[in-house]
Each structure stands twice: as structure tokens, then as C-alpha cells.
Amino acid sequence: MNNKSIANLLNKVAVAYSIKDEKKFRFQILAYQKAADVISNEVREVSDLYKENKLNTIPGVGASLQKHLEELCKTGHVYQYETVLKDIPEAVFPLLDLPTIGPKTAFKLVSAFKLKDPTTVLKDLLEIAKAGRIAQMEGFGEKSQSEIIKTIEQANLIDKAAERMTLPFASQMADQLIEYMRKCKDVKEIYTLGSLRRRMETIGDIDIAVATDNATSVLDHFVNYPYKSRLLDKGDVSASILASNGRRVDIKTQSAQSFGAMLQHFTGNKEHNVHLREIAIKKGMSLSEKGIKFSNTGKIKEYKTEKELYQALGMQWIPPEMREDAGEIELAQKHAIPHLVELKDIKGEFHIHSSFNIEPSHDLGINDFSTMLKKAKELNYKYLGFSEHNPSVSKHTSEDIYKLIKMRNTYLDNSCSNTIGVRVLNLLETDILTDGRLAIDDKSLSLLDASIVSIHSSFQMDKETMTNRIIKGLSNPKAKILAHPTGRIINSRPGYQADWDKIFRYCQQNNKALEINAYPTRLDLISNLVRKAREYKLKFTIDTDSHAVDQMNLMQYGVDVARKGWLTRNDIINCLDYQDVIKWMSK
DNA sequence: GCCGTTTTCGGCCCGACTGTTTTCAGTCG
């Protein structure tokens, strides 16, 4: 059973407790939800932690949950959960995906109409609602009935777009909207909120905050957004639309006077905010989106900026990317928040695919050396590493491969790099073959400053074989960077199974770097693994993996992931000067 | 069911919104 299904099970238990007696089980419900949340974000598999006897290292898992998880890993089921879930029809759960329907409502509906089949429950309920039978039930009315019809029909529509957006996609969508919103003179300040502001790798909805003295004017402007497909909601202070690409956009307005409190509140994440409020309570304060209420006076103090709000709670301002309740609050209380890496710290990159044809195993880039070098100059880079895929092994002898690489290097040395002041690194993206050998031999590798190595085949290996394969690939002295380490493709392919602790330890002991790949559907290494790798004091590179010159603009998203992993510029190889990069590569 | 620079017992986040109600339950972020 993987983490996702375990989290799913714990959430179901929470739902069952809500239905049975929400008051009585109030804190169990919270505990189960929290554990489900932690486990769904945990990079270590629960089944592995069980084998290593480390279940107690999962935050939010105490003695009782630990016992249940052990039973689950051992036998595949948990007696107590089965007992609890016995009275809850499976058809309840699909209804919970509908907005405005929670455990109680779902259970009432499923019971009243004896809905059994979870695969057809939405369709069945829609027919019942359309026949007007819901409005007759106690606690329901015409409005809730039409709301149910609307949300089920809407769910069918939205389902196709149910995949989360990648960060770059959401970010560009928000930029476009923000540019439009700035045309309204009443917009004083405008920011993204929620997961987008926290720079999560994938985003559900776009949330926007506006500081204004005239909410009506701002909201009127918003609902006239040209790329709107329809209006979802509009109140006095907030509104929601469905954009023409099917994505939901929410906007919230607030006076500049308490804009900081609102920004903080809606940036989250939930656990971060809960933790802050617990701290506030101990100081006799109560925290909300309006500001801080002091219990001795009963008065609410407003905050213009987040910084003032965090200060009032006795801590440093926390960059949004770090707000996950992963220890950042404790750091802020000690005024020890690291100075996170910024885009301007980046001095070059190592993973660029040009169009120079060395008859590679995988895709070529579409632009030539000089085009990419000019772009590097524009970005104020001091160096650029070319990392075409290695010449295909099946079609060439090792002697052919040697000649191809040598020819590329000659062209590169004669490129425009000297004239424009961007140094060139002779690199290559070399496949780690299934047995862990690199795709090209040492003689060819000797032509390079260093090699990026990566997995491009046989993703389905078992964990131990894959771990050994990666480590063996990295063991070549020329192999310095492990590219897109987990191999995941967002919304398409999960990463391969590997023992990350073992790989991180190897990298630490052997001076190897992990890549943070900024390509929109990769964003790999993923941020929670970055944070883990950081504990090993590893070095990282941030690369765009560009196959076209415009993709070099995507560096920001790699920096976002690095920041989310708490990295400073000292952790990152491409924040070094050229000479220090060369020194590191030859170590 | 979890957790500990007040605690191993006794706490555990906050407000808005909505609909069905005349004071509240359920849902959401």
C-alpha cells in the first residue's frame, strides 16, 4: 500500500468519525486528517518506514496510529478501521469531492436515497435532484437542491481539467491576470495567494489578493476579464470566475490597513497557520485575516504588512515558500531563517541542449551554440554548460562516439563565447544504462569538463536495483551531477523507486551534486526531497534542461523549488564563479 | 488521537458564508 492510499484511508476514517459523532470525535478527526496530510506529503514510503522500525518518526503519528499502521503493513488491513467504516456506504466518498458537500450532507443523501454504487452515485443523485426530491428533505430546500445540480454538472465539466497545473503554467496565467488587474486604478497592491504564492510545484486554483479602498470597482473590473468563460461568485469583497481555460480564479480584496493580515491568512498553508494561532493563544492573542485580537482589551490590531504581523508574534518574517510547518516557525522564533537563494544569484547553468548533431540517443535542441550563448549573455550569465545527450550507443562504435564529441568540442571552442564573455563548459548528459554503466567509455568522457548523468530507460526497476544503478553511474569520476533525480513527469509519470537516503549519503561522501531541473513538467528534484538532501549538506545545481532558447527563461521556477527546499546560494554550484565551478568539477 | 521552554493530563485555530432556520449546522479556506 503506497502513501497515497494510506492517506486516503486515514481521511476516510476521519470522515466516518465526522458522520458518527463529530463532537465526540472532534480531536480524533483532526488527528487523522493531519496524519493523512503528513503522509501524503512524506517522501519516505510508510511501508519502508515500517520495515526500518521508524514509523514513530512521522510527525502526527503517535502510539495509536503507529500500531494501526503496523497492522496495515503487516496484514493489509486494520480491524478497527474496518469496524468504523462498516456503517459508511462507499457511495459517500465520491460526493465529498463536490464543493459544499461534506461528510454529513453526503451521508444524509446517500442514506435517504439508498445510493449504493460509488461509480454511479453522482449520476444517480443528479437525477434525484432534477426530479425535485432533495428539496423535500428536512434540512434541504430549493436552493441547496439547485446548488447540488449545479455542482454535479460543473464537476463533470471541470473533471477534464482536474489535473493540477504546473507552477510555471499557473504562474504565467496569474501574471497575465495581474497585468490586466493593474489597469484598474483602484488596485493599490496585488499579490498571488495560497499554493501559488508558496510556489508549490503544482497548483489547483489561482488566488489573488488586492489592496484597495474601492472593492466594488476592483471586482467589477475583475469579472470583466476578457479570458473569462463565466462568473462563479461575486460578493462585496471577493469574487470567483472560471477562466477560458477552465481554471478557477478567486480574488479577495482588503483595505491597505490590514492587507498584511489577509495576505498572511490566505497564503497558508493550513498547518503553518494553525501553528501560528496556537502560538498566538499562548501570548493572549487571537489571529485572523483581520489582524490580531488581544484578549485583555478585546481590540483588533490591523497590520499593513506581513512583516509587522510576524513581529507581533515574536518572530521573523517567513518567506512564503517555507510556510509548510516544517520547522520554519521555530527558526523564525530564533531569528534564524536562512537567506534563500534568488534568481540574481545564478551565474550560469549546466544543462543546455543545442542543435549540434552528435547523433544522440534522445532529442536534440533546436537552437545553435551562439544563439544560446547570446541568451546567456542577456541573462547576465558568466558561463554556460552544453549537455547534449550522448551519441546513441546502438548506432555507434566507441571510436565514433569519441570523434563526435571531439568534433563538438572543436565547434564549441570556436563559438562566439570568447567574444561575448560567456565561458563554455564541455559537458554531456550521459545515460546511466540499466546495469549502472555509463553509456560512453572513459576515453570519451575524458574529453569533457564533467558529465551530467541521468536515467532515461527501464524506470520500473525495484528500489534496490535502481538505487545501485544510480550509485554505480555516479561512481565514475567524470559524473558530477545527477539530472532530474526522481524521473517524475508531473501529471504523467511517477518518479522511480529509489533509496534516497542512501543516494544522498553517497553524494555527500563523493562530492556529487543533485540537479533541480526547472523544466515545467519536471521540477525535479522535488522540494521536499531537496529539504531532505539539504540535511546531508549536499550541493545542488539548478538547470533549465533547455531544448530551445526561450526555455532558458524558466530558471526562476528551479529557483522557486530550491527556495522551497530552504537552499541558500552557498548550496548551489551555479552560484559560484567560473573558476570555482571548474575547481569543483575537477575535485 | 497527538503532544509537551507553563503540561505525561488537559488542552487542542479562526472567521466567513450559506441555507434553513428563528439560533444553528455544515462547509470552506
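Chain naming here is simple, since letters A, B, ... match the order of the sequence lines and numbering starts at 1 in each.
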Students often get this wrong, so: under 4.0 angstrom with heavy atoms, is A/A63 touching a base, only sugar-phosphate, or nothing? sugar-phosphate
Give the nucleotide from the list B/dG19, B/dG15, B/dG1 with an atom nearest to the side chain of A/S64. B/dG1
Distance, P atom - from B/dT6 to B/dC12, rounded to whole angstrom: 15 Å
Would you mind classifying the nucleic acid contact of A/E147 as base, sugar-phosphate or nothing, using non-hydrogen atoms under 4.0 angstrom? nothing
Ranking B/dG29, B/dG26, B/dG15 by distance to the side chain of A/S288, first place goes to B/dG15
Would you indicate which nucleotide in B/dG29, B/dC13, B/dG26 comes nearest to any side-chain atom of A/H265? B/dG29
Looking across every strand, which nucleic acid part, if any, lies under 4.0 Å from A/E271 by heavy atom: base, sugar-phosphate, or nothing? nothing
Check for me: is A/F27 stacked on B/dC2 by the 5.5 Å centroid and 30° plane-angle rule? no
Length of the CD-C1' vector between A/Q33 and B/dC2, whole Å: 14 Å
Closest to side chain of A/Y32, choosing from B/dG1, B/dT27, B/dC12: B/dG1
In whole angstroms, the gap separating P of B/dG10 from NZ of A/K282 amounts to 17 Å
I need the CG-P distance between A/L65 and B/dC3, as an integer number of Å. 9 Å
On DNA chain B, compare the nucleotides closest to A/V237 and A/Y17; which residue's is nearer the 5' end? A/Y17
If the C1' atom of B/dT8 is compared with that of B/dG1, how far apart are they to the nearest Å? 15 Å
Please report whether the ring centroid of A/Y32 lies less than 6.0 Å from that of A/Y81. yes
Which part of the nucleic acid does A/H275 contact within heavy-atom distance under 4.0 Å: base, sugar-phosphate only, or nothing? nothing
Closer than 4.0 angstrom, basic N to acidic O: yes or no for A/E324 and A/R198? yes
Within the structure provided, determine whether A/L263 and A/R197 are in side-chain contact (heavy-atom separation under 4.5 Å). yes
Answer yes when A/K104 and A/E22 have at least one side-chain N-carboxylate O distance shorter than 4.0 Å, and no when they do not. yes
May I ask you to decide whether A/E42 forms a salt bridge with A/K4, counting only side-chain N to carboxylate O separations under 4.0 Å? no
Using atom P of each nucleotide, how far apart are B/dT7 and B/dC2 to the nearest Å? 22 Å
So do A/P168 and A/L523 actually touch side chain to side chain, heavy atoms under 4.5 Å? yes
Regarding A/Q28, tell me which of base, sugar-phosphate or nothing describes its non-hydrogen contacts under 4.0 Å with the strands shown. base
Paired nucleotide for B/dT8 [Watson-Crick or G-U wobble; both distances under 3.5 Å]: none
Same-atom distance (C1') from B/dG29 to B/dC13, integer angstrom: 12 Å
So, is A/K104 close to the B/dG26 phosphate, meaning a side-chain N or O under 4.0 Å from OP1 or OP2? yes
5′-ward residue of the pair A/K143/A/I101 relative to DNA chain B: A/K143
Considering only B/dT7, B/dT20, B/dG26, which nucleotide approaches the side chain of A/S144 most closely? B/dT20
Check this one for me: any side-chain N or O of A/T100 less than 4.0 Å away from OP1 or OP2 of B/dG26? no
Identify whether any heavy atom of A/L276 sits under 4.0 Å from a base atom; if not, whether one sits that close to sugar-phosphate; answer base, sugar-phosphate or nothing. nothing
Separation of atom NZ in A/K270 from atom C1' in B/dT27, rounded to whole Å: 12 Å
Touch check for A/I29, heavy atoms < 4.0 angstrom, all strands: base, sugar-phosphate only, or nothing? nothing
Rounded to whole Å, the CD1-P distance (A/I203 to B/dG29) equals 15 Å
Interatomic distance where CG belongs to A/D207 and C1' belongs to B/dC28 [whole Å]: 12 Å
Please determine if A/R248 and A/D250 form a salt bridge, counting it only when a charged side-chain N lies under 4.0 Å from a carboxylate O. yes
Please give, in whole Å, the distance from B/dG19 P to A/K150 NZ? 9 Å
Nearest listed nucleotide, side chain of A/E138, among B/dC2, B/dT21, B/dT27: B/dT21
Given the P atoms of B/dC28 and B/dT20, what is the spacing between them in whole Å? 16 Å
Send over the distance from A/H68 NE2 to B/dG1 C1', rounded to a whole Å. 9 Å
Assign A/Q80 to base, sugar-phosphate, or nothing according to its heavy-atom contacts below 4.0 angstrom with the strands shown. sugar-phosphate
Among the candidates B/dC13, B/dG1, B/dG15, find the nucleotide nearest to the side-chain atoms of A/K290. B/dG15
A/E321/A/R563 salt bridge by N-O under 4.0 Å criterion: yes
